[in-house]
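In what follows, a single structure is set out as structure tokens and then discussed.
Labels below follow one simple rule: chain letters A, B, ... track the order of the sequence lines, proteins then strands, and each chain is numbered from 1.
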Amino acid sequence: MLVEDDRALRQTLGDALRVEGFEVHTAASLAEAQALAHHRQPEIVLLDLGLPDGDGASLLASLRAPRAGHASPPVLVISAREADAAKIALLDAGADDYLVKPFSIGELLARMRVALRHRGTRLAPAVTRYTQGDLVVDLAAHQVLRAGAPVHLTPTEFKLLARLVRSAGQVVTHRALLADVWGAEHTEQTHYLRLYMGQLRAKLEADPAEPQRLLTEPGVGYRLIDADLQA
Amino acid sequence: MSTPPLSAPITAPTTATNAAPAEPALRLASPTRPAAQALATRAALTNTPPAAWMLGAVAWGLGWGVLLLADTRLALANQALLLVLAGALAALWLPAPAALVAALLAVAAFNWTCVPPRGTFAVDSPQNALLLAAMAGVLAVLVAVVARLRAQARAAQQHQQQAEQLRQLGDVLRQAGDPLTHAGSVQQALATLMGSPATLLLRRDGQGLPTPDATLLLGEANADELAGLWHALRQCQAMGPGCGHHTELPCWYLPLRGGGAASPGVALLRLPLAGRDNPPLRDHAQALCDQLGQALQRQFSALAEAQAQAQAHTQAVRNALLAAISHDYRTPLATILGAASSLADQAERLDPAQRRRLADSIVQEVTQLSRMTDNTLQLARLDAPGVVLRLDWESAEEIIGTVLHRARRRAPERKLRARLEPGLPLLRCDALLLNQLLDNLVDNALKHTADDVPVELLVRREGQQLVLAVRDRGPGVPAAWRERIFDAFQRGDAPPDAPLRPGSGVGLAVCRAIARAHGGELRLRPRSHGGSSFECSLPLADTAPPPAAPEAQA
């Protein structure tokens with residue numbers, strides 16, 4: 001389901017997604033989107049912020065409301081501004097990822113693939129193993145291997161990495177990381193993250209100054225790049 | 001600035017000595033006139049200090065003493081002369097009415113004591129009668145002449161004091177940043193001059209018609225007086241006795257004249273003798289008012305000039321912005337329109353490689369447009385007053401990492417190197433803005449460097465500052481342009497046919513605006529072997545660094 005109030009963009013995105021084999025339903029307003037979500041049970045929702053008739057958060061809430069027999073679909077937020085408080089609020093409220101306008105179709109498809117796969121794995125047994133290049137993270141065995149050699153991580157470093165592995169390919173907001181690793185009362189202490197991300201990069205990246213795995217999303221959070229497909 | 005004391009209080013010129021000879025017909029009907037004269041006489045008597053009374057009495061006493069001691073040895077005419085001398089001396093100190101009364105009493109007493117037959121007011125010979133009459137006449141003339149001389153001397157002294165007061169007031173007001181802060185002193189001076197409270201209605205600005213919001217009322221005024229003040233302010237005219245308008249009013253409404261078309265304020269002065277004009281007093285009051293009026297008008301003019309300049313500057317910036325947008329935006333738009341319309345109209349006749357090229361050029365130009373839009377918006381945001389930065393503790397390493405990541409995505413074939421000093425402290429900044437700054441600098445450097453020459457990013461600590469540098473080996477920037485390239489939409493004095501550097505209109509201006517918003521600075525240093533180094537120095541927060549992150553509870 002595509003929720004976007006601009007007609008030209010709605011049509012372009014719709015066409016591009018149909019070419020990729022998606023069945024696309026479009027909505028131009030929140031009210032339309034609510035109705036559509038109820039009748040069609042979308043597999044993924046692309047939600048534009050700044051709709052004419054209200055706040056995207058209310059749609060997210062109704063999508064996340066438990067309904068018998070239906071899995072809650074992943075939600076990708078599309079925002080016009082990089083520093084958009086509403087976007088971060090939605091991510092914290094459970095949206096899966098975000099894109100800043102303007103974006104390319106390639107980027108959009110990549111994010112959609114990650115979101116759909118995660119939705120699948122969330123229902124299946126939780127992910128326990130992450131492989132990307134020469135890095136292997138085994139969550140069950142509490143083990144991290146880089147080029148075959150074990151890497152020693154402190155408990156906090158491991159907890160932080162594990163949180164990112166569970167959302168590999170997706171952005172995780174500062175707030176979510178701080179709450180899950182240090183606890184809900186530390187959600188403002190972003191400097192903890194700077195420090196521990198630095199340490200993790202020093203241990204896991206070939207060149208910590210130019211990270212290839214643990215990416216920064218400025219002003220929003222962090223993203224661990226998606227695992228290799230064959231993993 | 002402290003107010004130097006204005007000169008000593010100046011009392012009202014006494015009406016008894018300064019009485020205007022001919023009153024205009026307008027004021028003949030004034031019912032208060034006889035009463036006013038009596039009041040003035042009383043004022044002259046009560047204003048005389050005790051010492052002056054004493055000296056006058058001593059003069060008379062000495063005259064009578066000598067006369068009585070040498071009674072029989074002096075001729076009657078000489079005795080009379082002695083008294084005339086005493087009367088003239090007394091007139092120097094006594095107020096004129098008292099001196100005149102004393103002189104007439106003295107003539108009567110002289111007749112009683114010395115003129116035969118003694119002990120009576122009768123005069124035995126015509127000679128003696130003539131002597132008494134001459135004596136009374138000379139004394140009266142003497143008293144009048146001396147009183148007039150004294151009045152003139154007093155008036156001269158008063159004029160000098162008034163001139164000095166005006167000069168001091170003028171100096172104070174000229175030096176004052178805001179004349180309104182000294183309006184109180186002027187009010188005080190006017191009150192002292194008039195002997196009753198003065199009220200001032202002053203405008204705060206010189207624009208348009210006066211409104212209650214844009215005026216300041218100093219002192220008390222009842223409803224009638226307020227209406228009078230507003231009328232005088234709007235009409236910019238003096239009202240009250242002797243002013244030519246509304247002469248029936250009991251007080252003066254004097255406009256503060258500053259030389260402008262409208263008056264910057266008006267003063268309400270309550271006359272010591274209600275409804276009675278006093279031209280010298282009015283002239284001085286008006287002069288005091290005008291001093292303040294001129295100061296206010298000067299300030300209004302300065303403000304208006306500053307506003308006009310700011311407006312002209314805004315207009316110039318807006319024109320430059322429009323000119324730049326029309327160029328910087330139209331060029332990529334033309335490419336996009338060309339490519340897109342070609343794809344739309346000729347798609348089936350183009351081979352796949354051509355279609356691909358057209359689509360690629362659209363993507364490339366849109367990316368450029370998007371970057372330009374970001375920069376223009378950011379510049380507008382940072383230029384606006386009251387910008388709020390989203391400050392957080394950020395690591396320079398992380399910011400550089402993001403910048404490199406993005407630059408490599410945009411230009412995968414180019415060489416980029418980053419060098420960071422180990423152990424850099426966290427930086428208190430807005431990460432998005434700093435990313436934008438470095439993105440722009442890196443883009444700029446790549447644009448001006450040959451494809452196979454690397455661009456370097458350096459981060460080091462210099463005392464209490466963190467320096468982020470982007471260095472290239474491009475052609476460098478001519479000395480004359482090293483500051484100007486940071487101005488928005490400046491392309492310097494390039495000859496009109498010189499190729500414009502794409503996108504140079506706003507990128508560096510927004511970089512400098514970002515650096516300054518963080519309390520830092522962005523500078524350009526030429527490198528010794530060619531190329532430029534753009535160095536952004538940011539202050540390291542003087543607040544205590546955040547406590548080390550604890551290990552999370554397992």
Checklist entry - According to the interplanar angle, ranging from 0 to 90°, do the rings of A:His191 and B:Trp393 count as parallel (below 30°), tilted (30 to 60°) or perpendicular (above 60°)? => result perpendicular
Checklist entry - Rounded to the nearest 0.5 Å, how far apart are CG of A:Leu2 and CZ of A:Phe22? => result 11.5 Å
Checklist entry - By number, which residues in residues 396-413 of chain B have some heavy atom less than 4.5 Å away from chain A? => result B:Glu397, B:Glu398, B:Ile400, B:Gly401, B:Thr402, B:Leu404, B:His405, B:Arg406, B:Arg408
Next on the checklist: If you count heavy-atom pairs within less than 4.5 Å of chain B, which of A:Gln189, A:Arg201, A:Gln212 leads?
Outcome noted: A:Arg201
Item to check | side-chain hydrogen bond (donor to acceptor under 3.5 Å, both in side chains) partners of A:Arg163, counting only residues at least two apart | outcome: A:Ser167, A:Asp180
Checklist entry - Can you tell if the side chain of B:Arg356 reaches within under 4.5 Å of the side chain of B:Asp360, non-hydrogen atoms only? => result yes
Next on the checklist: If you count heavy atoms of other groups shown closer than 6.0 angstrom to CZ of B:Arg527, is the number above 12?
Outcome noted: yes
Checklist outcome for this item: Here the gap from A:Leu178 atom CG to A:Arg175 atom CZ, rounded to the nearest 0.5 Å, amounts to 9.0 Å
Next on the checklist: Less than 4.5 Å to any heavy atom of chain B: does that hold for the side chain of A:Phe103, its backbone, both, or neither?
Outcome noted: neither
Checklist entry - Do B:Arg381 and B:Gln378 have side-chain atoms, one donor and one acceptor, less than 3.5 Å apart? => result yes
